Participant: 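Sharing a structure, written as structure tokens. Questions coming.
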Protein chains: 2
Amino acid sequence: MAKSNPPLPSVPVRQRGVTMNDVAKHAGVSRTAVSFVLSNRENTSISEETRARINTAVQELGYRPNAGARALASRRSDWYGIVTEIVTAPFAVDIIKGAQDQAWLDRRFLLIAPSDQADAVGPNQGLEDAATEKLLEQRVEGLLYAATFHRGVHVPASANEVPTVLINCFDADGKLPSIVPDERGGGRVAVERLLQAGHTRIGVINLDPVIPAAVGRLEGAREALSAAGLELDPELVVSGYATADGGYEAACRILDHPNRPTALFCLNDRMAMGAYDAIKERGLTIPADIAVIGFDNQELIAAYLRPKLTTVALPFEKMGALGVQTLAALTAGQPILADQQLVDCPLLERSSV
Amino acid sequence: MAKSNPPLPSVPVRQRGVTMNDVAKHAGVSRTAVSFVLSNRENTSISEETRARINTAVQELGYRPNAGARALASRRSDWYGIVTEIVTAPFAVDIIKGAQDQAWLDRRFLLIAPSDQADAVGPNQGLEDAATEKLLEQRVEGLLYAATFHRGVHVPASANEVPTVLINCFDADGKLPSIVPDERGGGRVAVERLLQAGHTRIGVINLDPVIPAAVGRLEGAREALSAAGLELDPELVVSGYATADGGYEAACRILDHPNRPTALFCLNDRMAMGAYDAIKERGLTIPADIAVIGFDNQELIAAYLRPKLTTVALPFEKMGALGVQTLAALTAGQPILADQQLVDCPLLERSSV
DNA sequence: GTGAAAGCGCTAACAC
DNA sequence: GTGTTAGCGCTTTCAC
């Protein structure tokens, strides 16, 4: 899609020209005073009057600090970098949103560098390395890595040069701190909701059984059941591709079981979407004949299916914010709570249970 | 969601310490030579041998240029800024992807600043102003504004200080260049596809009739029809909320018309999703009994509906790339093609026609 | 090809 | 409270 431009020599940017020196002169004070006032330094009694004079000068001259120069002199950039495949594969965008918002609140800037969707384990680490390198050239104070789906990853070696936090993924070969969803808790809460509605025979549409999401969610489901003295019927647990079609097929198999369940726990919303079709095709009604609960809370699906899908949300935004908070603690030299922080996956009631 | 941290004083970032001076010494050359080699300067005959020596030194020392210092000295940052609500409201994310990729190709960095979803016309311009200001403090060389949906916007005044390009929106009160989708062409291609399949009686599920998307798409539809000597039956054009529910209701009204159409043009995919339900409820089959065509190509919907939805795609990625290309031309002092560039909305064949 | 020198806009000591 | 003095790491003349 994108086409490489001929390298265009950019014309030097027209600076506003107004520097801190100009402000100082205009206000009739020292540059030091201006610097102090503008950076809100403490322990420096500058009279309210001078302060006001300086601020006026700033206004009148239209002075705008030069963030780059400040970073150079102070050896502090106020930038974090996030390298992520999310830009490329629009899922889990809310991680970026959460991180951005939190960074903004902390008066920090988030530099976003795209990486390839390919797992860093693979041969495709080139882009990821390049992104990290670029970020480091900008002298970011900390690094965030975010994945579209929960998994183990390998991070470029140079990430060790600054504090680093992983979001929605974890360090497959080291001890970098990470923020991940509490899949197990999510699975538990989903099935608890089903139990509460009186369902005891529950079918499960499973993901690829080896990924952390599947492992955790299923574990949680079993926990909830056994707490109620029940267990999963292995014949009612079927895996499929993580798509609507996969969900459709899996649902067909479950629904055509001689002893059909009264509820379906779909391990993601896309599969639930397919399950809806299978259910409707059989003339069954949701939730009267069969209850459905999903996972992921993909707005576009969950909120638009009819009936709207009750599902467990992945706390992307919160994870993003927490990632930045953790990074802030690290760069401030503070200890962090734990190597791996689990974030709750809350139940979102809609109309399918 | 995000919670404000207590302002953490960040510990000065541990620099790698290796500067250009070190490289020069290590290679036994002047710093000037190093600078020339690293920035790939032309018209400067440096022997292959020295060049190699310098590169080796860079490797051995693990030297990493300081982008900030370079920007300060050269008065050229190689950064563009994009302020957008897309981060906040995850629609049209591909604009960012397209822009990012193109920027990356051009060896430039894209700083993303979030703005509020609120239209800049409203009172909520605060965040947008702040974002622009922050970007300018970073001395970005150009500014991009991107919207989630096609509309007129007002851009902060300070945007005039650097070249600026609007993406998926246009300057409501000025002459800033913009990149927008060719809505009319999209409407035309959709209806042409329907005509080609033999449909002559076509229902339209319309959006809010005043927005550019509705105006353009409908105009295109009329064009295609009149080219075939046909016209739209006003009774078959019904507006609804841009949601699945809105689409459902509109579809009901159209389908229950005594002289039912054989095809439905839904002005967005969400509404098509609702229309599907209305159609299925009536025991009709897509596309045998009634063909459906959408608009937007929202993957999650279009690719997962059953049958998969034929729809017209919004060229977000291309628009993003084109925005950066246009900006590159502007910052290089080149003339640009036109104040407003239209980007094609291609038809995406799936199975609903 | 080199080296010196000036300067980008700012921070941070330090003596006043 | 102020002014001075050093840089931060790099680019860019310019004379050699």
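Since we're looking at a predicted model, the values are computed, not measured. Letters go in sequence order (proteins before strands), and every chain restarts at 1.
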Participant: Could you tell me the separation between the OH atom of A:Y63 and the P atom of C:dG9, rounded to a whole number of Å?
Facilitator: 10 Å
Participant: Once you round it to whole Å, what is the distance between P of D:dG9 and CG of A:L136?
Facilitator: 15 Å
Participant: Using the side-chain heavy atoms of B:A73, tell me which of these nucleotides is nearest: C:dC8, C:dA12, D:dT12.
Facilitator: C:dC8
Participant: What I'd like to find out is whether the side chain of B:L110 reaches to under 4.5 Å of the side chain of B:L144, using heavy atoms alone.
Facilitator: yes
Participant: CD1 of A:I54 versus P of D:dG3: gap in Å, rounded?
Facilitator: 11 Å
Participant: Between D:dT12, C:dC10, D:dC8, spot the one nearest the side chain of A:L72, thanks.
Facilitator: D:dC8
Participant: Check this one for me: any side-chain N or O of B:R75 less than 4.0 Å away from OP1 or OP2 of C:dC8?
Facilitator: no
Participant: Choose from D:dG9, C:dC10, D:dT2 the nucleotide whose nearest atom is closest to any side-chain atom of B:A69.
Facilitator: D:dG9
Participant: Nearest whole Å is fine: how far is D:dG9 C1' from B:L61 CG?
Facilitator: 15 Å
Participant: Applying side chain to side chain contact (heavy atoms under 4.5 Å, CB included) between A:Y145 and each of A:I82, A:D171, A:T132, A:T84, report the one that passes.
Facilitator: A:T132
Participant: Does a side-chain heavy-atom distance below 4.5 Å link A:E133 with A:D129?
Facilitator: no
Participant: Report each atom pair, protein N/O against N/O of nucleotides 14-16 of chain C, whose distance is under 3.5 angstrom.
Facilitator:
none

Participant: Report yes if at least one side-chain N or O of B:S35 is closer than 4.0 Å to OP1 or OP2 of D:dC10; otherwise report no.
Facilitator: no
Participant: Which residue lies toward the 5' end of DNA chain C, B:G28 or A:A67, if each is placed at its nearest nucleotide?
Facilitator: B:G28
Participant: Are any of the side-chain heavy atoms of A:I95 and A:E317 separated by less than 4.5 Å?
Facilitator: no
Participant: Any heavy-atom pair between the side chains of B:Q341 and B:L322 that's under 4.5 Å?
Facilitator: yes
Participant: Between B:D22 (CG) and D:dC8 (C1'), how many Å, whole number?
Facilitator: 14 Å
Participant: Is any N or O donor-acceptor pair between the side chain of A:R31 and the base of C:dT11 shorter than 3.5 Å?
Facilitator: yes
Participant: I want to check something: taking the side chain as every heavy atom from C-beta on, are B:N168 and B:T148 in contact at a cut-off of under 4.5 Å?
Facilitator: no
Participant: Would you kindly give the CG-to-P distance between A:N66 and D:dC10, to the nearest whole Å?
Facilitator: 17 Å
Participant: Any side-chain heavy atom of B:M20 within less than 4.5 Å of one from B:S35?
Facilitator: yes
Participant: Rounded to the nearest Å, what distance is computed from the NZ atom of residue B:K25 to the P atom of nucleotide C:dG3?
Facilitator: 13 Å
Participant: Among D:dT12, D:dC10, C:dT2, which nucleotide sits nearest the side chain of B:R70?
Facilitator: D:dC10
Participant: What is the distance from CZ of A:R76 to C1' of C:dG9, rounded to the nearest Å?
Facilitator: 16 Å
Participant: A:R64 side chain N/O closer than 4.0 Å to the phosphate oxygens (OP1, OP2) of C:dC10?
Facilitator: no
